[in-house]
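Notes for the one structure printed next.
Each chain gets a letter, A, B and so on, in the order its sequence line appears, and its residues count up from 1.
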Amino acid sequence: MPELMQFLLSGVTVGAVYALVALGFTIIYNASDVVNFAQGEFVMLGGMITVFAFKAGLPLPLAALIAVAVTAAIGVALNKLAIEPARGAPVVSLIIITIGASIFIRGVTQLVFDKQLHRFPAFSGDDPIRVLGATILPQSLWVIAGALAVFVGLWLFFTRTLMGKAILATSNNRLAAQLVGINTAWVMTLSFAMSAGIGALAGVLVTPITLVSYDVGIALALKGFAAAMLGGMGNPKGALVGGILLGLLEALTAGYISSQYKDAAAFIVILAVLFAMPQGLFGKKSTDRV
Amino acid sequence: MLTVEGLRSRYGRIEVLHGIDLAVNSGEIVTVVGANGAGKTTLLRCISGVQPVTGGAITFRGDVITTVPGFKRLRRGLAQSPEGRQIFTNLTVEENLRLGAFLFSDDRVDRDMEDAFQMFPILKQKRNQAAGGLSGGQQQMLAIARALMGRPSCLLLDEPSMGLAPILVQQIFDVVSGLKKLDVTVLLVEQNAFGALKIADRGYVMETGRISMEGPAAELIADPRIREAYLGI
Ligand SMILES: Nc1ncnc2c1ncn2[C@@H]1O[C@H](COP(=O)(O)OP(=O)(O)OP(=O)(O)O)[C@@H](O)[C@H]1O
Ligand SMILES: [Mg+2]
């Protein structure tokens, strides 16, 4: 029993990380139908910038804040320099551009910072908390709380605010969005800033557990992408549930079968789900009709 | 209220508007009729600022707006219900209407929405359904209602009767002629020349990117050339 509890706790922790990455995908996807594969680099940047700002002597909260702000600015630059000039290109080309951008960001990070693994202190110490015979790190609770907070924030943003609706409207029909007075270029800027900021926040929260180096982004982007597909791309609820499910699947497979099989098991389940429900668990069916 | 002078526009290297002159006075319903491919939609897209203009000028309520970006033109009172309706299919009927009033967040938004529901009661019934699931006629109503939510002083309508059953066509034309009472000036583009000229004050006939005839709607309906070419009589 304590064994199962331990697997569940570590699964939820890893799942919350995936959920945070997946949540970052939703905004840009909702605004433009683009799956931004540089999302993992935003997570990495959040961690790396915090590490170096903290090393330079800034207090940790300030270092984290700077990391989120700088990463958001990098997100905006990505949109202005790489996505916007390719306006009108097919979505697949835009996705390939984001893959290129992620390679570029990784390279520059390696030059500006270094290739080492880094960490900064956990927010509330490293003493494990006992839960029903198992243990969980205080930082894991931070990660889980962060994922929940971002989820609630995004959910409210997309369902309750006019600006959130304007983002959905822009991706649904850009021409009509302009005709009702929405500045669609600004919607894109905002989306990239928000997605990058959320990615950086994820990096800040997980670095004390997983450590960070210039190349951690790719794996995170892939797992976050898998989680988002599982839950239904574009839906915050899907990102949260998809992330947690993926984390649990991996932890249980690793625990009861073998850690060698954890990725394979997760992907088999995802493929099975997508086979039965191509839109993911919470994906919206497109209701276009001519 | 709206003046277009020598307007030219092109898609790539092909010019499709070769110098259009047209004027709409405050309170009028003016229609532009013309065959398939004449350039009517391109003209409205230029006026709304979502299509590059290569020559000429557009003046609206005294200001030259030729280079004002599209998203800023509704602020000046110029709305469009575009060809093909272009509703937000993934959002609900009510969300579509709310976005029509994207520029506003005052009490009038709710009142305008009630007015829209009064104008088109079927939309009220379906207010919480995805707009993509509406029938063609209902989508057209939604497109017009959404444009009116933006509080326009001038409404550009692109083929509102396209693809609708005859009974709905009449209902839509009735709504358009009723816009006069709401102090909304109308520029109506139609292939259904007869229906449009019947409710319009004045009309323009457009042929391959040029205005070929203009005049009071009643005169155009009576003109033998128009009867033959566009009314099939
Ligand atoms: N996106 C486009 N790219 C290239 N050419 C276009 C494009 N849209 C329209 N055209 C061309 O421009 C000309 C005018 O088209 P437009 O759609 O303005 O005509 P229209 O009068 O609205 O026709 P309809 O009554 O069929 O709506 C046509 O010859 C058309 O083929
Ligand atoms: Mg047309």
Side-chain angles (χ1 to χ4, degrees), chain A residues 26-34 84 87-89 91 155-191 232-238 278-280 282-290, chain B residues 41 44-45 47-51 69-105 109 129-136 138-139 142-143 146-152 155-156 158 162-163:
Chain A
T26 52
I27 308 171
I28 290 178
Y29 180 81
N30 278 343
S32 63
D33 287 343
V34 171
E84 222 172 74
R87 153 81 2 90
V91 166
W155 185 75
L156 290 176
F157 178 69
F158 281 120
T159 58
R160 298 291 156 84
T161 73
L162 195 55
M163 201 57 220
K165 294 264 159 47
I167 289 186
L168 296 174
T170 299
S171 81
N172 190 196
N173 193 319
R174 187 174 295 264
L175 167 70
Q178 285 175 309
L179 290 178
V180 300
I182 296 169
N183 182 347
T184 52
W186 195 78
V187 162
M188 291 300 289
T189 302
L190 179 75
S191 315
M233 196 49 122
N235 183 334
K237 210 192 304 169
Q279 306 289 333
F282 296 95
K284 253 199 214 157
K285 274 179 235 70
S286 179
T287 45
D288 285 9
R289 173 163 151 182
V290 193
Chain B
T41 295
L44 288 197
R45 288 172 53 89
I47 299 176
S48 283
V50 291
Q51 162 81 24
F71 75 92
K72 286 188 178 159
R73 296 197 188 185
L74 182 59
R75 266 156 250 240
R76 294 168 176 259
L78 197 52
Q80 183 183 164
S81 162
E83 181 173 73
R85 295 135 198 171
Q86 314 291 347
I87 54 166
F88 301 119
T89 49
N90 292 342
L91 301 179
T92 66
V93 168
E94 189 169 335
E95 287 169 331
N96 268 270
L97 292 173
R98 182 63 191 87
L99 281 163
F102 176 73
L103 301 176
F104 308 104
S105 51
V109 174
Q129 295 185 18
L134 298 181
S135 72
Q138 292 160 358
Q139 293 196 359
L142 181 57
R146 184 184 63 189
L148 289 174
M149 290 295 293
R151 305 176 194 175
L155 176 61
L156 312 172
D158 197 342
M162 186 166 60

| request: Would you sort out whether B:Leu91 and A:Leu168 count as a side chain to side chain contact (heavy atoms under 4.5 Å, CB included), showing the intermediate values? | output: CA-CA 8 Å; B:Leu91 301 179; A:Leu168 296 174; 4.0 Å; yes
| If we only count heavy atoms from C-beta on, is the A:Leu179 to B:Pro82 side-chain gap below 4.5 Å? |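 Answer yes - side chains close enough.
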| message | Please report the interatomic distance CG(B:Asn96) to NZ(A:Lys165), rounded to the nearest 0.5 Å. | response |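 Rounded to the nearest 0.5 Å, the CG-NZ separation comes to 11.0 Å.
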| task | For chain A, find which of B:Gln86, B:Glu95, B:Met149 contributes the most heavy-atom pairs closer than 4.5 angstrom. | result |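 Answer, by heavy-atom pair count under 4.5 Å with chain A: B:Gln86.
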| field | Side chain / backbone / both / neither for B:Arg45 at chain A, heavy atoms under 4.5 Å | value |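 The side chain, not the backbone.
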| said: Restricting to non-hydrogen atoms, name the atom on A:Ala169 and the atom on B:Leu99 that form the minimum distance, rounded to 0.1 Å. | reply: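 Closest approach of A:Ala169 to B:Leu99: CB-CD1, 3.6 Å.
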| query | Of all heavy-atom pairs between A:Ala166 and B:Phe102, which one has the smallest distance, and what is that distance? | reply |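 Smallest heavy-atom distance, with atoms named: CB-CE1, 3.6 Å.
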| said: Can you see whether A:Asn173 engages B:Thr89 through a side-chain donor-acceptor pair at a distance of less than 3.5 angstrom? | reply: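 No donor-acceptor contact under 3.5 Å links the two side chains.
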| said: Using the rule given for side chain to side chain contact (heavy atoms under 4.5 Å, CB included), can you reason through A:Leu175 versus B:Val50, listing the C-alpha separation, both sets of side-chain angles and the distance that settles it, and then say yes or no? | reply: CA-CA 7 Å; A:Leu175 167 70; B:Val50 291; 3.7 Å; yes
| message | Using side chain to side chain contact (heavy atoms under 4.5 Å, CB included), reason through A:Asn172 and B:Ile87 one step at a time and then give a plain yes or no. | response | CA-CA 9 Å; A:Asn172 190 196; B:Ile87 54 166; over 6 Å; no
| Qualifying residue for side-chain contact (heavy atoms from CB on, under 4.5 Å) with A:Val180, from B:Arg146, B:Gln80, B:Arg98 |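 So, applying the side-chain contact (heavy atoms from CB on, under 4.5 Å) to A:Val180 and each of B:Arg146, B:Gln80, B:Arg98, only B:Arg146 qualifies.
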| request: Under the side chain to side chain contact (heavy atoms under 4.5 Å, CB included) rule, what do A:Thr184 and B:Phe71 come out as? Steps first, then yes or no, please. | output: CA-CA 8 Å; A:Thr184 52; B:Phe71 75 92; over 6 Å; no
